[in-house]
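Below is one structure; the comments refer to it alone.
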Amino acid sequence: MAAVSVHQYAQCITCHAWSPDRSMVAFCPNNNEVHIYKQFQDKWEKLHVLQKHDQIVSGIDWSARSNRIVTVSHDRNSYVWNQEGSEWVPTLVILRLNRAALCVQWSPKGIFSSPCNDNYNDLTVVFFLFSLFSENKFAVGSGAKTVCICYYEQENNWWVSKLIRKRHDSSVTGVAWHPNNILLATTSTDGKCRVFSTFIKGVDTRDSKAGSSSETKFGEIISKHRDRDDFLFYLKQQIVQLDLTFSWAFGVKWSPSGNTLAYVGHNSMIYFVDDVGPSPLAQNVAFRDLPLRDVLFVSERMVIGVGFDCNPMVFAADETGIWSFIKFLGERKTSSSGPKYGSQFSEAFGKLYGQSKYGVSNDAVEPSRTRGGGVHENCINCIVPLREEGVSRTTRFSTSGLDGKIVVWDLENQENLLDYL
Amino acid sequence: MAGGEEFVEADNAEAIITRIEHKSRKIESLLKQSKPVEALKTALEGSPPKTQDERCKVVYISFLALFGTNWIVVHRAIMAIKDVDGMFSSLDPEYYDILMNFCSCIYTFVANSGYSCFYFALVIAWPECGDVMRWNFNLIRFSSENLLAEESLAAQDCNNFQILSRIAIYRYLYRGLSTGDRPTCDQCLRIHDKLTERAGLGCILRCLADTVNTV
């Protein structure tokens, strides 16, 4: 069985994140709070409740190195939480948004990934020391068609938000950092996936490894690409804009090496993009079930997708680099498709009837039909890797969804998938 | 078919058109005699022994001529097909190869011309054609070494072909249902049922999400 632990924490979970040592989990139970649970022997106990937001918390990320939590909410604010003693102390980050914040992610590393060069003064040395092991930026996607890149300003002792404006035509549903700490991929409900440079002078160093990407200015997209009609064109200022889907785009992620980008469309398609740059190579994979909400690269050649089908899907690339759907990770009851669709229809009908009768308005809290008897009983909207220190490959990850469960999955005992890891 | 003998030099555009007209007249008459399988066979056979590409083009164009691109003609084609499974089973396996040859260039045509009724007619008649084509292409891919790169691309195209064609069918089915006409709705729901079994819910979503290609 691929699911190694299942725990019902709440009626509904909007998002979750793990502490660096994975002994604690932080999640939002579909309200303005963030609950932190810790495992004591076999029991999970509630340790802290972070209360500062006014509305639903839509994104949580727990930094791996500096043990800080960043939360974003529909109230348009973001807080960075630092643990001082047994308390979590919030610092308000003013995002300067006029719409809800939707997603957040810490950048993968601090600036000390690169050797020092000669272009720094004393202040930056202090800053260097401060952020030696810590993530120095985080990105927030919002309903205001903007992306905020937030970084800590040592001299003023606050978090500064820089906005990428006028690049998205609709809400930003997902953000993903490239391993080089400079490139940021976003997905939006305008159906496009874009890649930006987030190079900030004084925060990022001109890293020779990042190559030409660090030469581009802040907020610049790296190259433009359009493949829907087998038709490519590039803009002069090098912008990547992947225009592959007609519908909302969600859940963008980079592969561990940063060579491949994956994102999903709301039309039951998943898109894989290789060689992100002036001439990207795109692949579309259509699958026969309901759309995905989020994806995760467990290796260069394997992707797990989660979404409305309530069961994680495995996608993998063969030797020639062609991606395809492999299987569902959770067990599915095999039933003939005819009556299955029929019962779905009558269930949906009954649900509609029940709703009007009892006035149940919140669809999210109501347990949805179980599609084939999987572990999750409703849409999965969040997938988080559980990386061991010093181990390159990810075999464990956790998913949470509208059914309020957090499920930990392990690929170690899946013999047929080990080739792709 | 007669077209094969008449036609020796394919370079001449006029000759192609004449032949297609001839062929499409024949196909149309077969359709009138309610012999949709015969019509499909006619379209597939008798292509000149030229390059694959040439033959594909000819059949493709005759299909376009046959089914047209507007709803009225497609509607007629839908209603002409009485037995979806039966139609497929009466198509001989010898046509598989010809059909297989089409798909790579069909895809190019489709990319250029939008969603054509060609697939619609083809896939209604034979919903597995995408699968069979892909399967055939995989065979080619593994057997021939020198064409490996090209053929794997073609396999990808077949995959796309299958996806696009199914979406196209859904589009026409929903257009048919929107008429509210009872026999049309009956037929559309029948095909919808079979297609959902084969193509899954994802295909319906792709059809609904597609705002650009509409019927």
Side-chain angles (χ1 to χ4, degrees), chain A residues 189-191 226-232 243-250 264-272 281-292 305 307-311 313 317-325 328 335-342 344-345 348 369 371-372, chain B residues 104-115 127 130-131 134 137-138 141-142 145 147-168 170-171 189-190 192-214:
Chain A
T189 45
D190 61 11
R226 185 190 164 93
D227 198 17
R228 195 189 289 154
D229 305 311
D230 280 345
F231 171 64
L232 318 173
D243 190 6
L244 300 170
T245 175
F246 292 117
S247 54
W248 298 342
F250 291 104
V264 297
H266 207 50
N267 53 350
S268 292
M269 301 266 268
I270 181 166
Y271 303 94
F272 298 95
L281 211 71
Q283 279 182 50
N284 315 342
V285 177
F287 42 89
R288 53 170 293 136
D289 296 285
L290 295 177
L292 298 175
F308 294 93
D309 220 59
C310 316
N311 201 344
M313 297 183 196
D318 63 9
E319 307 79 51
T320 53
I322 291 180
W323 288 86
S324 53
F325 171 74
F328 281 101
S335 59
S336 61
S337 20
K340 198 177 108 195
Y341 287 111
Q344 267 176 25
F345 181 72
R369 77 217 182 304
R371 281 181 58 83
Chain B
S104 62
C105 69
I106 284 166
Y107 183 67
T108 340
F109 279 122
V110 166
N112 297 335
S113 65
Y115 300 94
D131 296 323
R134 191 162 47 155
F137 262 97
N138 281 335
R141 194 165 121 207
F142 293 126
E145 287 136 36
L147 288 168
L148 197 82
E150 242 172 77
E151 295 296 347
S152 69
L153 264 180
Q156 186 97 37
D157 282 351
C158 281
N159 198 5
N160 288 340
F161 167 77
Q162 187 189 357
I163 294 160
L164 293 177
S165 58
R166 286 176 168 175
I167 299 171
Y170 272 116
R171 203 172 296 125
L189 282 172
R190 229 181 342 262
H192 192 278
D193 182 40
K194 286 207 183 298
L195 196 61
T196 309
E197 267 175 42
R198 288 171 206 274
L201 297 173
C203 197
I204 299 179
L205 272 148
R206 279 188 284 280
C207 171
L208 296 178
D210 192 344
T211 51
V212 175
N213 302 292
T214 49

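Only this structure's heavy atoms are used, side chains among them; waters, hydrogens and symmetry mates stay out. Predicted model, so just to flag it, every value in this text is computed and none were measured. Chain A is the first sequence line, chain B the second, and so forth, proteins listed ahead of strands; every chain is numbered from 1.
Listed by chain and number, the residues in a ring-ring contact (aromatic ring centres under 6.0 Å, His included) with A/F272 are A/W323 (sequence neighbours excluded). Listed by chain and number, the residues in a side chain to side chain contact (heavy atoms under 4.5 Å, CB included) with B/L208 are B/Y174, B/I204 (sequence neighbours excluded).
Residue with the most contacts toward chain B among A/S247, A/P291, A/G265, A/S268: A/S268 (heavy-atom pairs, distance under 4.5 Å).
In this structure, the separation between CG on A/D289 and SG on B/C203 is 11.5 Å, given to the nearest 0.5 Å. Taking CG of B/L201 as the reference point, atom CZ of A/F308 lies at 13.0 Å (rounded to 0.5 Å).
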